[in-house]
Amino acid sequence: MKSEPAAYSINDLLRDKTTCWDGVRNYQARNFMRDQMRLGDGVLFYHSNILIPGIVGEAKVTREGYPDYTAWDPEDRHYDPKTAPDRPTWFMVDIEFVRECRSVITLTQLKEIPGLEKMEVVKRGSRLSVSPVTAEEWKILIHLPQWG
DNA sequence: GCCAACGTTGGC
DNA sequence: GCCAACGTTGGC
């Protein structure tokens, strides 16, 4: 899961322990949260739009897909006037902090590791804020020395 | 700050 | 349903 640290960082998650992943307004990303993420699933927390983008920590899913209520809040930055009150368009999951990397697994490094070529985040022009990680990719990533 | 990539919108 | 215009994302 990608986040701009200026908006919400791994340290924010460390402080909060848990958070709802609200504000996603992209159908593909929504589908992953609504249909594929399951209780206990591992999550890699990625910082985007920063000097050194990359994976900075691990989290896990603590609540499966449910309606993102911010879509109905006119005061919210992600308000979606087209979403009917009784029929949610947007979904989110809850995640919980697991651990922080000792050092960032940088995007540059990710691009050099064999077996990660197909990861969404590694692809050029990738804009999906939520994307799946295969079991093989997870195995490679979770054993990197940056976890400490 | 630039710009490529790409999703969304809206006119036709 | 096409496609140009536009807006957003995000690496650099």
Seminar exercise, completed: Whether each nucleotide of nucleotides 5-10 of chain B has a protein heavy atom under 4.0 Å at its base (B), only at its sugar-phosphate (S) or at neither (-) is summarised, 5' to 3', as BB-SS-
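Within a heavy-atom distance below 4.0 Å of DNA chain B, no residue of residues 45-57 of chain A is found.
Centroid-to-centroid, the aromatic rings of Tyr27(A) and Trp90(A) come within less than 6.0 Å.
Note on Arg25(A) versus Asp68(A): salt bridge recorded, some NZ/NE/NH1/NH2 to OD/OE distance being below 4.0 Å. Between Arg15(A) and Asp12(A), at least one side-chain N (NZ, or NE/NH1/NH2) sits under 4.0 Å from a carboxylate O, which counts as a salt bridge. Between Lys17(A) and Glu96(A), none of the side-chain N atoms (NZ, or NE/NH1/NH2) sits under 4.0 Å from a carboxylate O, so this pair counts as no salt bridge.
Tyr8(A) and Trp21(A) have perpendicular rings, their planes meeting at more than 60° on a 0 to 90° scale where under 30° would count as parallel.
Across all their heavy atoms, Thr83(A) and Ala71(A) have their closest contact at OG1-CB, 4.3 Å. Taking both residues in full, the closest heavy atoms of Gly115(A) and Glu137(A) are given as O-CG, 3.8 Å, listed atom of the first, atom of the second, then distance.
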